[in-house]
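Quick notes on the structure that follows.
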Amino acid sequence: MEQNKKSAEELCKEAMKLYGEKKYKEASELWKLAAEENNAEALYMLGICYNYNLGVDVADKNQCGTIASGYFQKAADLGHADAQCFAGLCYLHGIGVEKNDEKAVELLKKSAEQNCTQAMNNLGLLCAKGIGVSDPKKSDEESFAWFQKSAEMGDSTGQLYVGIAYYNGDGVKRDYREAVKMYTLAAQQGLAEALFRLGECYDDGDGVQENPIEAFKLYKLAAQKNHAKAQCYVGYCYEYGLGVSRNMGEALNWYTASAKNNYFQAYCNLGCCYEEGRGVKKDMKTAIELYERGAELGSLDAMFNLGNVYAFGKGVKENAELAVEYYAAAAQSGHKEAQYNLAQHLMYGMGVDEDPEEAFHWYSESASQGDADAQYAVGLCYEDGMGVEVDLDEAKEWYARSAAQGNARAKKALKKLK
């Protein structure tokens, strides 16, 4: 028996060497031999091979998950920590087994008890959703506790999530300085998301002195790791000279890289470049196509820009009805400029029936987010009783807010009421 056990261990050692050389088929064959001896590591690694379709022959690729799940479960039953984690994830997502959150949490906790940081991180994510918590009212605290355990073991993902918790005040008192410390630890390990978030802190001066040059450096490091959002930010920095000299060629290159990774805002930014001829020849057809793709992916700016395209007939025939559709889509998700433009169309019956009350609602939504034109419009509504009862005190208040931002019409209106 000892000889068999040693043989299995030797097979695993040789297989891992082959795996490191990306000779997956040869490695999997050796692990299959070791698995016949019920070797937990071999069972786990076969699960990995089938899970990621590495060096295994399966007629129906849809069966890979089911086969992987079986190997993970066998290794988990033998106490293999990483296998327990993967088996838990199979139950969590219903891969090869029936979805079962309770079983998933049970296996993840067994794995975490053996110091598997990946299990700890997944438990942290589950607790944040209220899954597997002892007290639903303390889900954020329990989530933070799991991430903190992972972070204390030096896991970069755990450090990242502890940083996020400190930044947002989830399960712990908000502390930007602590967030920066944790982001820095994760960034030092090369984690792209941590590099990006640390860049944002330097950009905004959260927990650290504002430093656009350092922000750009961090964004670029994350971008070079194929972080889609960071790639877009790097493009923006190059376009407007933020922390780096302006360079439209570089801006376009990074926007394009980000768009290839399907980051919605990159499509919008590229669209703006084509609409305005920044770094490229003006091309409204291409701009509209880019806006449309960005809007499909959820870019509110792209929806707003499409609203403007159809409202003002930019490269297309004017279509107020379609403009309203795009403005409404962006407005409902909180885009303040779209809210103002939608209100304008509702107030004056452009592409939609006149509705002063609904118009006042959207003016108010935009004004509450600080849009100066909307604040002036709210004041005008209160002064003239458009969609709301006349209230001169309220009118003065909103005119004053708009005037404070330099709105000339608001200044004139306020002077008249005084």
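Both backbone and side-chain heavy atoms feed into the values below; hydrogens, waters and symmetry mates do not. Every value quoted in this text rests on a predicted model; they were computed, and no experiment measured them.
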Could you check whether atom NZ of Lys336 has more than 12 heavy atoms from other residues, nucleotides or ligands sitting under 6.0 Å from it? yes

Restricting to pairs with a member in residues 83-101, which pass salt bridge (charged side-chain N to carboxylate O under 4.0 Å, His left out), not counting sequence neighbours? Lys99-Asp101

Using the side-chain hydrogen bond (donor to acceptor under 3.5 Å, both in side chains) criterion, which residues pair with Thr117? Sequence neighbours excluded. Asp155

Please enumerate all residues that pass salt bridge (charged side-chain N to carboxylate O under 4.0 Å, His left out) together with Lys110, with sequence neighbours excluded. Glu106

Working for side chain to side chain donor-acceptor pair (under 3.5 Å), residues Glu142 and Trp146: CA-CA 6 Å; Glu142 291 191 36; Trp146 282 116; 5.4 Å; no

Ring centres under 6.0 Å, that's the criterion: do Tyr236 and Tyr219 meet it? no

Apply salt bridge (Lys or Arg N to Asp or Glu O under 4.0 Å) to the pair Arg293 and Glu296, showing each step before the final yes or no. CA-CA 5 Å; Arg293 181 57 180 149; Glu296 287 172 5; 3.2 Å; yes

With Glu26 via side-chain hydrogen bond (donor to acceptor under 3.5 Å, both in side chains) - residues at least two apart: none

Would the distance check show the side chain of His361 and the main-chain N or O of Glu357 forming a donor-acceptor pair, the cut-off being under 3.5 Å? no

Looking at Ser156 and Ala186, would you say the former's side chain and the latter's main chain have a donor-acceptor pair under 3.5 Å? no

For Leu300 and Ala330, the nearest pair of non-hydrogen atoms, with its separation, is O-CB, 3.7 Å

Check: Tyr267 side chain, Ala259 main-chain N or O, donor-acceptor pair, under 3.5 Å: yes

May I ask you to test the Lys25-Asp57 pair for a side-chain heavy-atom distance under 4.5 Å? yes

Option from Tyr52, Trp31, Tyr19, Tyr50 for which ring pair (Phe, Tyr, Trp, His ring centres under 6.0 Å) with Tyr24 holds: Tyr19

So do Leu392 and Glu383 actually touch side chain to side chain, heavy atoms under 4.5 Å? yes

Those residues that, when tested against Glu214, pass salt bridge (charged side-chain N to carboxylate O under 4.0 Å, His left out) (two or more places apart): none

Can you list the residues that meet the salt bridge (charged side-chain N to carboxylate O under 4.0 Å, His left out) rule with Asp206, with sequence neighbours excluded? none

Under 3.5 Å, side chain of Ser258 to main-chain N/O of Trp254, donor-acceptor pair present? no

Please tell me if the side chains of Arg401 and Val378 come closer than 4.5 Å, counting only heavy atoms from C-beta onward. no

Above 12 or not: heavy atoms from other molecules or residues under 6.0 Å from NZ of Lys220? yes

Beyond-backbone contact of Leu108 with Leu126, side-chain heavy atoms, under 4.5 angstrom: yes

Can you name the closest pair of heavy atoms from Leu342 and Ala331 and give their distance? CD2-CB, 3.9 Å

Between CD on residue Gln265 and OH on residue Tyr255, distance to nearest 0.5 Å: 8.5 Å

Side chain to side chain, Gln73 and Tyr91, heavy atoms closer than 4.5 Å: yes

Can you tell me if Ser111 uses its side chain to pair, donor with acceptor, with the backbone of Leu107 under 3.5 Å? no

Quick check: are there more than 12 heavy atoms from other residues, nucleotides or ligands sitting under 6.0 Å from OH of Tyr399? yes

With a 6.0 Å cut-off on the ring centroids, do Tyr71 and Tyr44 count as close? no

Table please: side-chain donor-acceptor pairs of residues 367-374 below 3.5 Å, with sequence neighbours left out.
from: Ser368; atom 1: OG; to: Ser364; atom 2: O; distance (Å): 3.4
from: Ser368; atom 1: OG; to: Glu365; atom 2: O; distance (Å): 2.7
from: Gln369; atom 1: NE2; to: Gly334; atom 2: O; distance (Å): 2.8
from: Gln369; atom 1: NE2; to: Gln339; atom 2: OE1; distance (Å): 3.0
from: Asp371; atom 1: OD1; to: Asp373; atom 2: N; distance (Å): 3.1
from: Asp371; atom 1: OD1; to: Ala374; atom 2: N; distance (Å): 2.9
from: Asp373; atom 1: OD1; to: Asn407; atom 2: ND2; distance (Å): 3.1

Heavy-atom neighbours of Ile213 CD1 exceed 12 at 6.0 Å: no

Below 4.5 Å, heavy atoms only, C-beta onward: do Trp362 and Tyr340 meet side chain to side chain? no

Which residues pass the side-chain hydrogen bond (donor to acceptor under 3.5 Å, both in side chains) test with Gln231, sequence neighbours left out? Asn226, Asn261

Check the angle between the aromatic planes of Phe144 and Tyr166 and answer parallel, tilted or perpendicular using the 30° and 60° thresholds. perpendicular

Main-chain N/O of Met386 paired to Asp384 side chain as donor or acceptor, under 3.5 Å: no

Indicate yes or no: at least one non-hydrogen side-chain atom of Phe147 is less than 4.5 angstrom from one of Thr157. no

Candidate pair Phe86 and Gln118, rule side chain to side chain contact (heavy atoms under 4.5 Å, CB included), full reasoning: CA-CA 9 Å; Phe86 273 84; Gln118 185 177 1; 4.0 Å; yes

Pairing residues for Lys138 by the salt bridge (charged side-chain N to carboxylate O under 4.0 Å, His left out) criterion, not counting sequence neighbours: none

Do the side chains of Tyr327 and Glu337 get nearer than 4.5 Å, heavy atoms only? no

Can you tell me which residue pairs pass the salt bridge (charged side-chain N to carboxylate O under 4.0 Å, His left out) test with a partner in residues 161-186, sequence neighbours excluded? Glu178-Lys181

Measuring from Leu43:CG to Cys12:SG, what's the distance to the nearest 0.5 Å? 8.5 Å

Mind telling me whether Tyr382 and Phe360 have parallel, tilted or perpendicular rings, with 30° and 60° as the class edges? perpendicular

Under 30°, 30 to 60°, or over 60°: which ring-plane class applies to His335 and Phe304, parallel, tilted or perpendicular? parallel

Indicate every side-chain donor-acceptor pair of residues 313-325 with a distance under 3.5 Å to a residue at least two apart or in another chain.
from: Lys314; atom 1: NZ; to: Glu275; atom 2: OE2; distance (Å): 3.1
from: Asn319; atom 1: OD1; to: Glu321; atom 2: N; distance (Å): 3.3
from: Asn319; atom 1: OD1; to: Leu322; atom 2: N; distance (Å): 2.9

Using the salt bridge (charged side-chain N to carboxylate O under 4.0 Å, His left out) rule, collect all pairs that involve residues 254-270, keeping only residues at least two apart or in two chains. none

Atom CG of Asp135 and atom SG of Cys127: how far apart are they, to the nearest 0.5 Å? 11.0 Å

